[in-house]
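Report on the structure given below.
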Amino acid sequence: MGPQKTPRTKIQTRNRETILEAALEVFSQHGFRGATLDMIAVEAGLSKPNLLYYFPSKEAIHVALLSQLMDTWLDPLRDLDAAGDPIAELLAYVRRKLQMSRDFPRESRLFANEIVQGAPRMQAALATDLKALVDDKAAVIRGWAEGGRIAQVDPHHLIFSIWALTQHYADFDVQVRAVLGQNRDPIEEAARFLDTLFTRLLAP
């Protein structure tokens with residue numbers, strides 16, 4: 001057995017969370033290349049040496065954020081229940097992903113920026129954890145289609161389309177609001193539209 005890690009104290013846990021929250025703000029504004037450890041330390045209200053006690057580099061902070069985000073981002077897909085009603089399960093997934101675009105816009109943009117840059121810090125996770133989960137849920141969707149419970153759709157591309165049509169509202173929020181104008185709620189309107197779109201698409 002390897003050496004056991006000493007549990008973090010409450011202060012250590014709080015400082016680590018403070019650093020990750022500050023880093024999320026800095027990375028979402030400036031991207032990975034534009035962000036610096038000094039900027040993150042200032043945002044966190046900590047000295048740079050104190051920050052380096054918790055994370056040895058900017059890349060280490062970025063990887064920790066992305067790993068945490070990957071778990072959060074995939075939870076709704078994990079919850080897709082093979083025993084449930086297919087259309088109800090898929091519509092619930094769409095709604096949860098859309099709500100995450102409202103609740104976690106910075107996280108969505110952080111992840112999108114990583115992917116656009118070729119996923120240099122997340123390639124292994126994409127090829128293993130992400131692929132395994134998507135393949136598993138694609139098999140569930142394929143089974144529903146083959147059983148005549150939903151229309152014949154390519155399950156992988158159905159999942160991709162849900163990602164595209166929900167995360168767009170986080171990643172391109174400024175553009176969406178500029179086009180829609182004031183006094184309109186993009187997420188509320190999108191929820192109604194996507195319910196109709198996917199209900200019609202999936203109807204057997």
Side-chain angles (χ1 to χ4, degrees), residues 5 7-8 10 12-32 35 40 43-44 51 54-55 57-82 84 88-138 140-141 155-156 158-174 176 185-188 190-191 194 198:
K5 291 185 178 179
R8 296 188 187 111
K10 289 184 179 180
Q12 288 173 329
T13 299
R14 185 169 63 247
N15 283 347
R16 184 181 169 86
E17 290 172 353
T18 297
I19 291 167
L20 290 174
E21 173 62 25
L24 175 60
E25 185 65 27
V26 172
F27 284 134
S28 67
Q29 287 187 32
H30 303 282
F32 178 77
I40 296 170
E43 182 71 24
L51 182 149
Y54 294 95
F55 295 97
S57 66
K58 178 176 76 169
E59 182 166 290
I61 300 174
H62 200 251
V63 169
L65 265 177
L66 288 169
S67 298
Q68 182 175 289
L69 172 59
M70 177 78 85
D71 274 342
T72 302
W73 223 240
L74 293 180
D75 278 346
L77 186 56
R78 291 189 185 100
D79 289 343
L80 196 70
D81 184 1
E89 288 293 321
L90 288 164
L91 289 181
Y93 177 52
V94 172
R95 293 183 197 116
R96 283 196 65 188
K97 288 291 291 177
L98 193 59
Q99 188 60 41
M100 290 181 79
S101 287
R102 184 195 290 277
D103 295 341
F104 305 111
R106 297 176 303 168
E107 289 86 342
S108 182
R109 289 191 287 271
L110 179 76
F111 191 77
N113 284 335
E114 172 70 8
I115 300 303
V116 166
Q117 292 170 19
R121 289 157 289 275
M122 289 296 291
Q123 191 62 248
L126 296 179
T128 54
D129 298 346
L130 176 66
K131 178 171 172 50
L133 177 62
V134 172
D135 285 349
D136 178 63
K137 296 306 182 180
V140 170
I141 295 169
H156 285 91
L158 175 64
I159 293 171
F160 295 157
S161 71
I162 292 171
W163 292 351
L165 289 169
T166 54
Q167 288 169 224
H168 175 87
Y169 290 93
D171 301 340
F172 293 89
D173 175 71
V174 173
V176 168
D185 185 335
I187 300 298
E188 185 177 316
L194 294 178
F198 282 105

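- Listed for the Ser67 side chain is a donor-acceptor partner under 3.5 Å among the backbone atoms of Val63.
- In this structure, the side chain of Lys97 does not engage the main chain of Gln167 through any donor-acceptor pair within 3.5 Å.
- Looking only at side-chain heavy atoms (C-beta outward), Leu158 and Leu90 come within less than 4.5 Å of each other.
- Phe160 meets the ring-ring contact (aromatic ring centres under 6.0 Å, His included) test with His157, Trp163; sequence neighbours excluded.
- Summarising the geometry, atom OH belonging to Tyr93 is positioned 15.0 Å from atom CG belonging to Asp81; distances are rounded to the nearest 0.5 Å.
- The closest donor-acceptor contact from the side chain of Ser108 to the backbone of Ser101 lies at 3.5 Å or more, if one exists at all.
- Taking NE2 of His62 as the reference point, atom CG of Leu65 lies at 7.0 Å (rounded to 0.5 Å).
- Among all heavy-atom pairs drawn from Ile19 and Ala44, the shortest one is CA-CB, 4.3 Å.
- Here Asp71 pairs with Arg78 in a salt bridge; the nearest charged N to carboxylate O distance falls below 4.0 Å.
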For this session: Determine, stepwise, if the pair His168 / Val176 fulfils side-chain contact (heavy atoms from CB on, under 4.5 Å).
Result: CA-CA 9 Å; His168 175 87; Val176 168; 3.6 Å; yes
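- The line from CD1 of Ile187 to CG of Asp173 is 7.5 Å long, rounded to the nearest 0.5 Å.
- When all heavy atoms of Tyr169 and Ala190 are compared, the pair lying nearest together is CZ-CB, 3.5 Å.
- Two residues are said to be in side-chain contact when any heavy atoms from C-beta on lie closer than 4.5 Å; Arg96 and Asp79 meet this criterion.
- Separating the CD1 atom in Ile40 from the CD1 atom in Ile61 is a distance of 4.0 Å, to the nearest 0.5 Å.
- Nearest heavy atom pair, residue Lys58 against residue Ala35, reads NZ-O, 3.0 Å.
- By the 4.5 Å heavy-atom criterion applied to side chains, Met70 and Asp129 are not counted as neighbours.
- Using a 4.5 Å heavy-atom threshold, the side chains of Leu80 and Ile141 count as touching.
- Between Arg106 and Phe27, the closest side-chain pair of non-hydrogen atoms is not below 4.5 Å.
- For Glu188 and Arg102, the salt-bridge test fails: no basic side-chain N is under 4.0 Å from an acidic carboxylate O.
- For the atom pair CG of Leu133 and CG of Leu130, the computed distance is 7.0 Å after rounding to the nearest 0.5 Å.
- Between Asp135 and His156, the closest side-chain pair of non-hydrogen atoms falls below 4.5 Å.
- Applying the 6.0 Å contact sphere to CZ of Phe32 captures more than 12 heavy atoms from other residues, nucleotides or ligands.
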For this session: Report the C-alpha separation of Leu69 and Leu24 in whole Å, then their side-chain angles, then the decisive distance to 0.1 Å, and conclude whether the side-chain contact (heavy atoms from CB on, under 4.5 Å) test is met.
Result: CA-CA 10 Å; Leu69 172 59; Leu24 175 60; over 6 Å; no
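- To the nearest 0.5 Å, atom CH2 of residue Trp73 and atom CD of residue Glu107 are 6.5 Å apart.
- Here the shortest heavy-atom pairing between Ala170 and Arg109 reads O-NH1, 2.9 Å.
- When all heavy atoms of Ile159 and Ala138 are compared, the pair lying nearest together is CD1-N, 4.3 Å.
- Looking only at distances, a side-chain donor or acceptor of Glu114 sits under 3.5 Å from a matching main-chain atom of Met122.
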